[in-house]
Amino acid sequence: MEDLTLRNLVYRRFVELGRAPTLDELGTDEAAVRRLHEAHMLVLEPDRPEIRMANPFSGVPTPHRVEAAGRSWFANCAWDAFGIPAALGVDGHISSSCPDCGEPIEVDVVDRRPDPAEDVFHVLVPARSWWDDIVFT
Amino acid sequence: MNLFRSEEHVARWLNGREPGATITSGKLCELAQAWWGDRLAADWRPRTRDESQAILERLGLTGEFWQLP
């Protein structure tokens, strides 16, 4: 399978399943997904050939949950949480929490706009270093 | 990369650490649309570094902090 074909299959299966597909479910092998990892098309777990991220989707539970089109997914970060409705081309609902006070943050995305719009987004790591440690970023 | 209830909450969470960049959730929504909007398209291709930088610049995210490697 060509790399882009496999990459598109990963994303399609992620959308369908609400979680990361396994290599068996993809009908592929470790060498193929590792090529996608090296090309930053997805991120593997550091110690095993399991998909940790196919941005904006997360393969593991996170504080950022997204509901859209009748399904739900975990996102890697708040940016990615807004990215899931964007990628699907639909409205959505984001459930997160403020890292300072722990209070829940619930945001609807309607017609590409957040409601409410009072929350703010903070990026700690400068853009030049995002891929130095993408899980931390 | 997190959502906070306000800039005051960001400052308290930083607890003296060097701040990064803070934008409104409205701007974040625009950024997410531009950055991830094509991610499920059948004809998706990887963006070049310059194409990604252009997205940030179009949204006014300029300066050293937003410079990709």
Side-chain angles (χ1 to χ4, degrees), chain A residues 3-4 7-8 11-12 14-15 39-41 54-57 63-64 75-89 94 96-105 107 109-132 136-137, chain B:
Chain A
D3 287 353
L4 270 178
R7 178 265 176 209
N8 288 346
Y11 274 79
R12 235 178 13 252
F14 228 123
V15 170
H40 292 178
M41 291 190 199
N55 303 73
F57 302 98
H64 315 280
N76 300 295
C77 65
W79 182 352
D80 285 6
F82 283 87
I84 290 177
L88 293 167
I94 295 165
S96 185
S97 60
C98 177
D100 171 51
C101 66
E103 286 291 311
I105 293 180
V107 184
V109 178
V110 181
D111 292 336
R112 304 182 177 190
R113 290 190 180 84
D115 178 26
E118 284 75 33
D119 304 306
V120 298
F121 171 65
H122 183 76
V123 186
L124 188 63
V125 178
R128 65 177 173 277
S129 303
W130 286 346
W131 278 94
D132 292 355
F136 176 74
T137 296
Chain B
M1 296 186 176
N2 288 297
L3 279 175
F4 292 80
R5 300 201 71 83
S6 70
E7 296 210 31
E8 289 72 28
H9 285 253
V10 175
R12 197 161 50 217
W13 176 76
L14 284 168
N15 194 25
R17 282 179 295 173
E18 184 77 14
T22 302
I23 62 176
T24 65
S25 59
K27 179 67 75 178
L28 173 60
C29 219
E30 287 182 65
L31 175 59
Q33 190 66 44
W35 201 266
W36 302 120
D38 68 343
R39 201 47 62 133
L40 296 173
D43 60 351
W44 180 87
R45 293 289 181 276
R47 275 196 307 266
T48 65
R49 180 260 176 213
D50 287 351
E51 287 168 337
S52 292
Q53 194 71 58
I55 289 175
L56 298 174
E57 286 176 8
R58 272 202 304 277
L59 291 166
L61 303 174
T62 58
E64 178 64 23
F65 183 87
W66 294 101
Q67 289 300 306
L68 294 163

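Sequence lines set the chain letters: A, B, ... in the order given, protein chains first and strands last, and positions in each chain run from 1. Everything quoted here is computed from the prediction, not taken from an experiment.
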Locate the shortest heavy-atom distance separating B:C29 from A:V109; write the atom from each residue and the value.
SG-CG1, 4.0 Å
In terms of heavy-atom proximity below 4.5 Å to chain A, should B:W44 be classed as side chain, backbone, both, or neither?
both
Pick one of side chain, backbone, both or neither for A:D115, based on which atoms fall under 4.5 Å of a heavy atom in chain B.
neither
Quick check on the interface: out of B:L56, B:L61, B:I23, who has the most heavy-atom pairs with chain A under 4.5 Å?
B:I23
Would you say that more than 12 heavy atoms from the other residues, nucleotides or ligands in this model lie under 6.0 Å from the CZ of B:R12, or not?
yes
Pick from A:I94, A:L4, A:L88: which one has the most heavy-atom pairs with chain B under 4.5 Å?
A:L4
Nearest heavy atoms of A:V120 and B:E7, plus distance in Å:
CG2-N, 3.9 Å
Per-residue tally against chain A (heavy atom, under 4.5 Å) across B:A34, B:A11, B:P69 peaks at B:P69
More than 12 non-hydrogen atoms from neighbouring residues, nucleotides or ligands closer than 6.0 Å to CD on B:E18, yes or no?
no
To check you understand the geometry: which heavy-atom pair defines the closest contact between A:L124 and B:F65, and what is its length?
O-CE1, 3.9 Å
Given a strict heavy-atom distance threshold of 4.5 Å, which part of A:E118 is in contact with chain B: side chain, backbone, both, or neither?
backbone
Just give me the residue among A:V107, A:N76, A:D80 that pairs up with chain B most often, heavy atom to heavy atom, under 4.5 Å.
A:D80
Can you say whether A:P116 sits under 4.5 Å from chain B via the side chain, the backbone, both, or neither, judging by heavy atoms?
backbone
Turns out that what part of A:V125 lies under 4.5 Å from chain B's heavy atoms comes down to backbone
Shorter than 4.5 Å, heavy atoms on both sides: which option in B:D38, B:L68, B:L40, B:T24 has the most such pairs with chain A?
B:L40
Measuring from A:N55:CG to B:R39:CZ, what's the distance to the nearest 0.5 Å?
6.5 Å
Bottom line for A:R113: the part with an atom under 4.5 Å from chain B's heavy atoms is backbone
If you take all heavy atoms of B:R5 and A:D119, which pair is closest and at what distance?
CA-OD1, 3.8 Å
Between A:I105 and B:F4, the two heavy atoms sitting closest are CD1-C, 3.9 Å
If we define contacts as heavy-atom pairs under 4.5 Å, which of A:P56, A:S129, A:P63, A:A81 has the most with chain B?
A:P56
A:I84 portion near chain B, given a 4.5 angstrom heavy-atom threshold:
neither
Is there a donor-acceptor pair closer than 3.5 Å between any side-chain N or O of A:H122 and the backbone N or O of B:L3?
no
Are any non-hydrogen side-chain atoms of A:H40 and B:P46 less than 4.5 angstrom apart?
no
Say you draw a straight line from CE of B:M1 to CZ of A:F82; how long is it, rounded to the nearest 0.5 Å?
14.0 Å
Counting heavy-atom pairs under 4.5 Å to chain A, which of B:L28, B:L14, B:N15 comes out on top?
B:L28
Can you tell which of B:V10, B:L31, B:N2 has the highest number of heavy-atom pairs within less than 4.5 Å of chain A?
B:N2
At a heavy-atom separation under 4.5 Å, does B:Q33 approach chain A through its side chain, its backbone, both, or neither?
both
